[in-house]
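Side chains are part of it too, since the values below use all heavy atoms of this structure and drop only hydrogens, waters and symmetry mates. Not measured: the values here are computed from a predicted model.
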Amino acid sequence: MPIRRLSPETVNRIAAGEVIDRPAGAVKELVENAIDAGATSIEIHADGGGLSRILVADDGKGIPKDELPLAVERHATSKLEPDDAGDVDLLRIFTLGFRGEALPSIGSVARLSLTARTAGAEAWAMQVNGGAAVGPAPAPFPAPHGARVEVRDLFYATPARLKFMKSARAEAMAITEEIKRQAMAHEAVAFTLLLDGRAVLRLPAEMKGDEGRLRRLAALLGRDFEANALLIDQTREGLRLSGYAGLPTYSRGNAAHQFLFVNGRPVKDRLLHGAIRGAYADFLARDRHPAAALFLDLDPLQVDVNVHPAKAEVRFRDPALVRGLIVGALRHALAGAGHRASTTVAADALAGFTAHQSPGHRPPPSAAGFSGWTGWDAPRPAPQIIPGLEERSARVEPGSAPAYSLLPTAYSPEAAPAASEIDFPLGAARAQLHGTYIVAQTRDGLVVVDQHAAHERLVYERMKAQMATGAVTRQALLSPEVVELDPAEADRVVARADELAEMGLIVEPFGGGAVLVRETPALLGDTDVQGLIRDIADDLAEHGAALSLKERMAEVCGTLACHGSVRAGRVLSAPEMNALLRQMEATPHSGQCNHGRPTYVELKLADLERLFGRR
């Protein structure tokens, strides 16, 4: 078959298949165009999941009449500045869109109408139906300036692609998620999203900066995220990482609440997700994932945004620097959180309380329902006595002992905590329940501590500190073990030999596609060397870091800490309980155990008052 040139219509439809794979892709391109045009308010309408109609209107600077035909022509853009020779640097990208493919690609597979007005000029419109452009022509435009793009019958010119679309509801959800990501990245822009005429999102413009960004994230991710988010702001060698990350006890069952942005562009990158996983490795079980919204800003020359047709993926010039910044910034923020646990822990605890009702108990009449109460003359049962307690006089004689006590048998009045201990964050120990839980009183509430989980974290942190201050003890294998790998995997493992040696694992190249293991960390004991190396190779391929070894060593440390910590069921004296509380306050990450579960629950006095109907 001879070589032929494809028609412009076919070329445009091929481009549309790469850039506009579903309605959410079209919305993404149009919204990014609006942001690049300096819009401060963007309104999006989508009907039938975006397949019937999409409308994106903005208050940006608009498009002049004479440039409208170019706007719907392929590879025509205002976002790349050529040099004196007419060439452009495709690595120095400062805008979200730059290829000039969005409008012509959409117009080649749909019915597109573009109306625009610049400040002080009349409004003009272009029509593109299945790739055929008509215009420009005068058109009404209510705003002083901006652009309005309407897309109808998406993919009508390529009916085969319609068969691969999901339901209208699924496509509408994809559009909503796309707008949420764009809104997170641009808090100073107001967004309005209507699906089939129903307002789904109304986000006012926020002040640019951390405070406004947190308000925008709270509006999208919920107030719980705002209450449990840690501020991230670190700079290293020209790279800046900012945003917010959730406390370990505020975790999720999947990574859907992890949002990553590079130079204001929402991206999905395995390196970035792997860095987040590595930063939280000490605090969460493998099946739990932190919530985070992280924004990486760097010189455009340090990142290639042109590696994916939809610009959803990027490639870094120095991925190790990026990963190190993310891990370091997150760990710094987690260390700064100290013993803090998420507010959702207390909310979950309060949800577990139910009001006790004795048999025959009837609620007292309320003022609102008094006229309907007819039970005053009905016979009432005798007062019920809760088993285990006896009726006692409310009057206590001077010097008499209390009728009953929640304090442990080891507690004595001489060991009672000083009043000043109440002012500590975790308060003063008042009781021990079931040999497992410490009850402490704070100035404005109470704290319940799981003594085993809390001490396990304290021991674990001490072990980590010891490992950080000296070389990891290694054990030589009786006979070095050869591990067969794919040649590329073996090269990746050998390239990280120095990093692995710091953790006690000595590897050497052993011909093509194999590595020789001479020593392993003594902490791992009799470990499966073959499985360990293969897991490390998988981690290097997927995340660019040897997480398996770190996680195995962390797991061993956690196991040792578990066995070396205060066991549940052990009765503690008051000084021992208070000493544990003070150590928790002084130890980073003591708000959760090694598996991400909370070590304590705090209830404020206001929570208790609501629980008992006092407010």
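Annotation: side chain of R270 is not in contact with side chain of H273 (no heavy-atom distance under 4.5 Å). The side-chain heavy atoms of L608 and K604, taken from C-beta on, include no pair separated by under 4.5 Å. Put simply, the side chain of L426 reaches to within 4.5 Å of the side chain of Y600, judged on heavy atoms. With a 4.5 Å cut-off on side-chain heavy atoms, L194 and V200 do not count as touching. Two residues are said to be in side-chain contact when any heavy atoms from C-beta on lie closer than 4.5 Å; F295 and N263 fail this criterion. A heavy-atom distance below 4.5 Å is not found between the side chains of V189 and S41. Counting heavy atoms from C-beta outward, L296 and L325 have side chains that approach closer than 4.5 Å. Here the side chains of L334 and Y280 are in contact, with some heavy-atom distance below 4.5 Å.
The line from NE2 of H186 to OG1 of T40 is 13.5 Å long, rounded to the nearest 0.5 Å. Atom CG of L203 and atom NZ of K180 lie 9.5 Å apart (nearest 0.5 Å). Interatomic distance, L231 CG to E211 CD, rounded to the nearest 0.5 Å: 11.5 Å. Rounded to the nearest 0.5 angstrom, R443 CZ and D423 CG are separated by 4.0 Å. In this structure, the separation between CZ on R252 and NE2 on H257 is 5.0 Å, given to the nearest 0.5 Å.
Taking every heavy atom of both residues into account, A333 and I232 meet most closely at CB-CD1, 3.3 Å. Among all heavy-atom pairs drawn from F261 and A185, the shortest one is CD2-CB, 3.6 Å. Of all heavy-atom pairs between M577 and L572, the closest is CG-CB, 3.7 Å. Between A190 and A205, the closest heavy-atom pair is CB-N, 3.6 Å. The two residues T442 and I422 have their closest heavy-atom pair at C-CG2, 3.4 Å. Taking both residues in full, the closest heavy atoms of P266 and G264 are given as CD-O, 3.7 Å, listed atom of the first, atom of the second, then distance.
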Distance-only criterion, 3.5 Å: show the donor-acceptor pairs between side-chain atoms of residues 239-247 and protein atoms not counting sequence neighbours.
unit_1, atom_1, unit_2, atom_2, d
R240, NE, D233, OD1, 3.1
R240, NH2, D233, OD1, 3.4
R240, NH2, D233, OD2, 3.2
S242, OG, R213, NH1, 3.0
Y244, OH, D210, O, 3.0

task: Applying side chain to side chain contact (heavy atoms under 4.5 Å, CB included), run through V56 and I42 and close with a yes or a no.
output: CA-CA 7 Å; V56 177; I42 303 175; 4.0 Å; yes
query: Given the rule in the side chain to side chain contact (heavy atoms under 4.5 Å, CB included) test, do M184 and L217 qualify, once you have shown the distances and angles that lead to the verdict?
result: CA-CA 6 Å; M184 289 180 196; L217 293 175; 3.7 Å; yes
message: Applying side-chain hydrogen bond (donor to acceptor under 3.5 Å, both in side chains) to H289 and Q258, what does each step give before you reach the verdict?
response: CA-CA 8 Å; H289 303 266; Q258 293 178 9; 4.5 Å; no
Worked check of side chain to side chain contact (heavy atoms under 4.5 Å, CB included) between I326 and L272: CA-CA 8 Å; I326 295 174; L272 302 181; 3.2 Å; yes
task: Starting from the C-alpha separation in whole Å, work towards a yes-or-no answer on side chain to side chain contact (heavy atoms under 4.5 Å, CB included) for F225 and L220.
output: CA-CA 9 Å; F225 179 83; L220 294 169; over 6 Å; no
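Not counting sequence neighbours, the partners of H45 by the side chain to side chain donor-acceptor pair (under 3.5 Å) test are E43. Qualifying side-chain contact (heavy atoms from CB on, under 4.5 Å) partners for V448, counting only residues two or more places apart in sequence or in other chains: Y437, L446. In terms of the side chain to side chain donor-acceptor pair (under 3.5 Å) criterion, residue partners of R223 (sequence neighbours excluded) are, by chain and number, E226. By the side chain to side chain donor-acceptor pair (under 3.5 Å) test, E178 is found to be paired with R181, Q182, residues two or more places apart in sequence or in another chain being considered. Looking at residues two or more places apart in sequence or on another chain, you find a side-chain contact (heavy atoms from CB on, under 4.5 Å) between E206 and E187, P204, R215, R216.
Side chain of Q583 to backbone of L580: no donor-acceptor contact under 3.5 angstrom is found. In this structure a side-chain-to-backbone donor-acceptor pair under 3.5 Å is missing from D58 to A39. Using a distance-only test at 3.5 Å, with no hydrogens or angles considered, a donor-acceptor pair links the side chain of T436 to the main chain of H434. Using modelled atom types, no side-chain atom of Q441 and backbone atom of V447 make a donor-acceptor pair closer than 3.5 Å.
No side-chain N or O of T599 forms a donor-acceptor pair with one of D450 less than 3.5 Å apart.
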